[in-house]
Amino acid sequence: IDEKYESFVIRVDVQTTAPEGDKTNGGESYNCVLPFAQLSDSLALNKVWISLLRTLLKAQKNGELKQENALKLDRLVVLEVPGNSTAHSSRVLLSRKPSLYRAATANKLPLTLENMEELKNEVLSGYVQSLLEHGVVIGFGGRMTGFV
């Protein structure tokens with residue numbers, strides 16, 4: 001748990017899906033950041049997730065929960081990868097918001113300016129990246145942002 005950035009620091013093992021639909025471990029692991037605000041689309045559910053994950057992490061730290069029984073999070077979306085100017089630039093930034101997952105699986109989560117142009121007539125899903133005095137910065141995938 002990274003209290004300063006209000007996020008969980010987690011290790012993600014990459015799985016790929018074979019043509020037959022079987023999931024196989026891709027053999028790669030990444031240190032990732034899953035901000036508290038990216039756990040759900042609902043503030044109430046975010047609070048439940050935070051409580052649950054804190055309890056599980058405490059149990060694991062105390063030896064009450066073995067690694068093989070650890071919680072496995074699915075339906076994660078990669079929002080940003082290392083190398084850009086975010087506060088977590090050395091880690092992959094993840095989201096578990098259902099709206100972003102649906103958008104990503106439907107290829108409606110813009111990652112580039114070209115994607116934004118292709119999706120100009122679509123309703124887009126994003127997340128509040130920051131609040132400013134005169135508007136809100138909305139984050140999408142990659143380093144794509146919008147201002148409303």
Side-chain angles (χ1 to χ4, degrees), residues 1-18 21-112 115-116 119 122-148:
I1 297 177
D2 186 336
E3 295 293 347
K4 180 179 178 184
Y5 293 108
E6 296 185 330
S7 59
F8 293 100
V9 179
I10 60 175
R11 190 188 87 227
V12 173
D13 296 323
V14 176
Q15 288 187 337
T16 57
T17 303
D22 297 329
K23 289 186 177 179
T24 60
N25 190 334
E28 297 180 68
S29 293
Y30 296 93
N31 287 325
C32 303
V33 165
L34 180 57
F36 296 165
Q38 293 294 334
L39 290 168
S40 174
D41 288 323
S42 160
L43 182 58
L45 282 178
N46 269 6
K47 291 178 181 180
V48 171
W49 270 108
I50 291 166
S51 177
L52 173 67
L53 291 171
R54 283 181 191 272
T55 301
L56 290 172
L57 288 171
K58 183 177 178 182
Q60 188 173 1
K61 186 176 180 178
N62 293 337
E64 300 164 9
L65 180 67
K66 304 225 182 300
Q67 183 65 31
E68 59 270 10
N69 297 327
L71 178 67
K72 294 183 180 6
L73 296 174
D74 61 353
R75 298 181 184 213
L76 295 171
V77 176
V78 175
L79 295 176
E80 294 185 23
V81 294
N84 57 33
S85 60
T86 66
H88 303 292
S89 62
S90 65
R91 297 187 179 127
V92 175
L93 177 63
L94 301 175
S95 176
R96 196 174 183 287
K97 288 180 173 274
S99 60
L100 295 179
Y101 180 79
R102 284 189 302 273
T105 56
N107 292 319
K108 292 186 178 182
L109 185 64
L111 300 171
T112 64
N115 292 144
M116 194 66 85
L119 298 168
E122 300 284 340
V123 174
L124 301 177
S125 292
Y127 62 97
V128 175
Q129 198 171 50
S130 61
L131 300 172
L132 304 174
E133 186 176 332
H134 300 292
V136 178
V137 176
I138 303 297
F140 300 102
R143 298 192 313 187
M144 292 300 302
T145 59
F147 182 76
V148 294

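These numbers come from a predicted model, not from an experiment. Positions are given from 1, in the same order as the sequence printed here.
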- Query: Considering only heavy atoms from C-beta outward, does the side chain of Tyr101 approach that of Leu109 to under 4.5 Å?
  - Reply: no

- Query: Would Thr145 and Gln129 satisfy side-chain contact (heavy atoms from CB on, under 4.5 Å), going step by step from the backbone distance to the final call?
  - Reply: CA-CA 8 Å; Thr145 59; Gln129 198 171 50; 3.1 Å; yes

- Message: I want to check something: taking the side chain as every heavy atom from C-beta on, are Leu56 and Gln60 in contact at a cut-off of under 4.5 Å?
- Response: no

- Message: Taking the side chain as everything from C-beta on, heavy atoms only, tell me whether Lys97 gets closer than 4.5 Å to Val77.
- Response: no

- In Å, rounded to the nearest 0.5 Å, how long is the span from CG of Leu100 to CG of Asp41? 6.5 Å

- Task: Quick one: pull up CG in Leu53 and CZ in Phe8 and give me the separation to the nearest 0.5 Å.
- Result: 4.5 Å

- Message: For a 4.5 angstrom cut-off between non-hydrogen side-chain atoms, does Arg96 reach Asp74?
- Response: yes

- Distance from Lys58 atom NZ to Glu64 atom CD, nearest 0.5 Å? 8.0 Å

- Task: State whether the side chain of Ser51 and the backbone N or O of Val48 hold a donor-acceptor pair below 3.5 Å, judged by distance alone.
- Result: no

- Query: Looking at Phe36 and Asn46, what are the two nearest heavy atoms and their distance?
  - Reply: O-ND2, 3.3 Å

- Of all heavy-atom pairs between Met116 and Leu124, which one has the smallest distance, and what is that distance? SD-CD1, 3.7 Å

- Task: Without swapping roles, check the side chain of Asn115 against the backbone of Thr112 for a donor-acceptor pair under 3.5 Å.
- Result: yes

- Message: Once rounded to the nearest 0.5 Å, what's the spacing between atom CG of Leu93 and atom CG of Leu79?
- Response: 5.0 Å

- Message: Other residues, nucleotides and ligands only: do more than 12 of their heavy atoms fall within 6.0 Å of CD on Glu6?
- Response: no

- Are any of the side-chain heavy atoms of Leu34 and Leu39 separated by less than 4.5 Å? yes

- Message: Could you walk me through whether Leu94 and Val33 satisfy the side-chain contact (heavy atoms from CB on, under 4.5 Å) test, starting with their C-alpha distance in whole Å, then the side-chain angles of each, then the deciding distance to 0.1 Å, before giving a yes or no?
- Response: CA-CA 6 Å; Leu94 301 175; Val33 165; over 6 Å; no

- Does the pair Phe140 and Tyr127 meet the rule for a ring pair (Phe, Tyr, Trp, His ring centres under 6.0 Å), with working shown? CA-CA 7 Å; Phe140 300 102; Tyr127 62 97; 8.0 Å; no

- Tightest non-hydrogen contact, residues Ser125 and Ala103, listed as CB-CB, 3.9 Å

- Task: Can you establish whether the number of heavy atoms outside Arg54 located under 6.0 Å from its atom CZ is more than 12?
- Result: yes

- Message: Let me confirm one number: the CH2-OG distance from Trp49 to Ser42, rounded to the nearest 0.5 Å.
- Response: 12.5 Å

